[in-house]
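Below is one structure, written out as structure tokens; comments come after it.
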Amino acid sequence: MRKPLIAGNWNMHKTVAEAIEACRILETLVQDDQVETVICAPFTCLSALAALGMKKVKIAAQNMFYEEQGAYTGEISPVMLRDVGCDYVIIGHSERREYFGETDETVNKKVHTALKFDIKPIVCVGESLEQRKNGQTESLVTSQVEQAFSGVDEADAQKIVVAYEPIWAIGTGETASAEEANRVIKIIRATLKNLYSEEVAANIRIQYGGSVKLENIKELMEQSDIDGALVGGASLNPETFASMINYKSLK
Ligand code: PEP
């Protein structure tokens, strides 16, 4: 049985004080312990959020470097993320791929070092609008998943969360329909089955991300293969985000 995981990706938003305030509200409003709740905060907020000692909300970074330490000015290592109490880290978000030179190769290196330091990767995959129009969605996400999981053994593979985030749906207000998101996520699960086994694939959580909001989260979460959501804009307001986590109470 896969426990749903709903993660808020705050992107480059919130000061430390704003982050603390938002998490305090979330801790009060989140009801459902059947849903794992994660906040992916800017690096500058992570220690302050860990110090809150939250019971219902886990913390994640939005990126990290694949080396443990060294002369890499401006980078943050998995050792540092573990040190501040991060449970998860987003790896390979499309914005990192587009603006900061992230490749399938660096995604795979980051996956390996995150796992080495017991930080669970949330690996993002997804196609651009052009790739979708050219009929490349299936081959692209399959290849991204194969490369991200390359060299990862069965036990570690089950610690990884995959986020299917079609680039054309991120921050645009355009969402893949629940059926279409589920269809692509099934392809991702079939890829994991080919790489490992049916049992391993059935244990790996796959989220949908891309303009998930209060109005569509319930329908998305009701799909057979969607195990959670990676939520950008709509996670910034803690009241709204808490209602999304408590989606089972929505009409
Ligand atoms: C994101 O930032 O990863 C994201 C999915 O954003 P939004 O929910 O705003 O589309």
Side-chain angles (χ1 to χ4, degrees), residues 4-14 18-19 22-23 26 35-46 57-64 86-100 102 107 110-111 114 120-129 131-132 137 140-141 144-145 148 160-178 180-182 184-185 188 205-221 223 226-247 250:
L5 189 156
I6 300 183
N9 175 16
W10 281 349
N11 290 273
M12 199 171 71
H13 293 288
K14 294 200 193 287
E18 289 165 348
C23 279
L26 273 180
V35 177
E36 200 173 339
T37 303
V38 175
I39 283 293
C40 312
F43 290 130
T44 47
C45 301
L46 294 174
V57 181
K58 294 182 178 154
I59 57 168
Q62 299 170 13
N63 180 38
M64 54 159 242
C86 266
D87 290 300
Y88 288 90
V89 60
I90 298 178
I91 295 178
H93 192 282
S94 60
E95 287 149 15
R96 301 295 321 170
R97 293 179 192 256
E98 184 177 352
Y99 307 130
F100 302 100
E102 190 84 274
V107 166
K110 291 180 179 189
V111 164
K120 297 182 200 81
I122 299 175
V123 175
C124 298
V125 300
E127 79 287 359
S128 66
L129 191 56
Q131 288 163 330
R132 172 159 282 258
T137 301
L140 184 94
V141 296
Q144 286 179 325
V145 169
I160 299 174
V161 176
V162 179
Y164 169 54
E165 292 211 313
I167 299 169
W168 49 270
I170 300 177
T172 58
E174 257 195 69
T175 327
S177 70
E180 175 57 11
N182 198 45
V184 180
I185 285 175
I188 294 172
R205 291 176 296 178
I206 309 178
Q207 303 172 305
Y208 169 76
S211 298
V212 181
K213 40 190 182 272
L214 200 50
E215 293 74 24
N216 58 18
I217 190 153
K218 194 167 185 196
E219 192 190 0
L220 287 160
M221 293 300 292
Q223 299 297 311
I226 300 184
D227 306 318
L230 184 54
V231 184
S235 71
L236 291 170
N237 178 310
E239 282 88 2
T240 307
F241 190 48
S243 301
M244 292 172 75
I245 294 155
N246 302 331
Y247 67 92
L250 295 170

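None of these values were measured; they are calculated from a predicted model. Values below: all heavy atoms of this structure, side chains included; hydrogens, waters and symmetry mates excluded. When a ligand or atom number is given, it counts from 1 through the structure's own listing order. Positions are given from 1, in the same order as the sequence printed here.
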Between Cys40 and Ala7, which heavy-atom pair has the shortest distance, and what is it? SG-CB, 4.1 Å
Based purely on interatomic distance, does Gly232 place a nitrogen or oxygen under 3.5 Å from a nitrogen or oxygen of ligand 1? yes
Using distance alone, determine whether Gly171 and ligand 1 share an N or O pair under 3.5 Å. yes
Kindly say whether Val161 contributes a backbone atom to a donor-acceptor pair with the side chain of Asp227 at under 3.5 angstrom? no
So, the side chain of Arg96 versus the backbone of Val107: is there a donor-acceptor pair under 3.5 Å, distance only? no
With heavy atoms of [X] as the reference, note each atom of ligand 1 found under 4.0 Å away.
| X | value |
| --- | --- |
| Gly210 | 5 (C), 10 (O) |
| Asn9 | 1 (C), 2 (O), 3 (O) |
| Gly233 | 7 (P), 8 (O), 9 (O) |
| Leu230 | 5 (C) |
| His93 | 1 (C), 2 (O), 3 (O) |

Heavy atom under 4.0 Å from ligand 1: found in [X]'s side chain, backbone, both, or neither?
| X | result |
| --- | --- |
| Ile170 | both |
| Asn11 | side chain |
| Ala169 | backbone |

Answer with yes or no whether the side chains of Glu180 and Ser177 bring together a donor and an acceptor at under 3.5 Å. no
Is it the case that the side chains of Glu219 and Tyr247 hold a donor-acceptor pair, with the cut-off being a distance below 3.5 Å and no angle test? no
How far is atom 5 (C) of ligand 1 from its nearest protein heavy atom, and which residue and atom is that? Glu165 OE2, 3.0 Å
Out of curiosity, Lys110 NZ to Ile90 CD1, how far, rounded to the nearest 0.5 Å? 11.5 Å
Distance (rounded to the nearest 0.5 Å) between Lys218 NZ and Met221 CE: 11.5 Å
Does Ser211 come within less than 4.0 angstrom of ligand 1, counting non-hydrogen atoms of the residue? yes
Return yes when Ser94 approaches ligand 1 closer than 4.0 angstrom through a heavy atom, no otherwise. no
Starting from the C-alpha separation in whole Å, work towards a yes-or-no answer on side chain to side chain donor-acceptor pair (under 3.5 Å) for His93 and Glu165. CA-CA 8 Å; His93 192 282; Glu165 292 211 313; 3.2 Å; yes
Would you say the side chain of Ile6 lies within less than 4.5 Å of the side chain of Phe241, judging by non-hydrogen atoms? yes
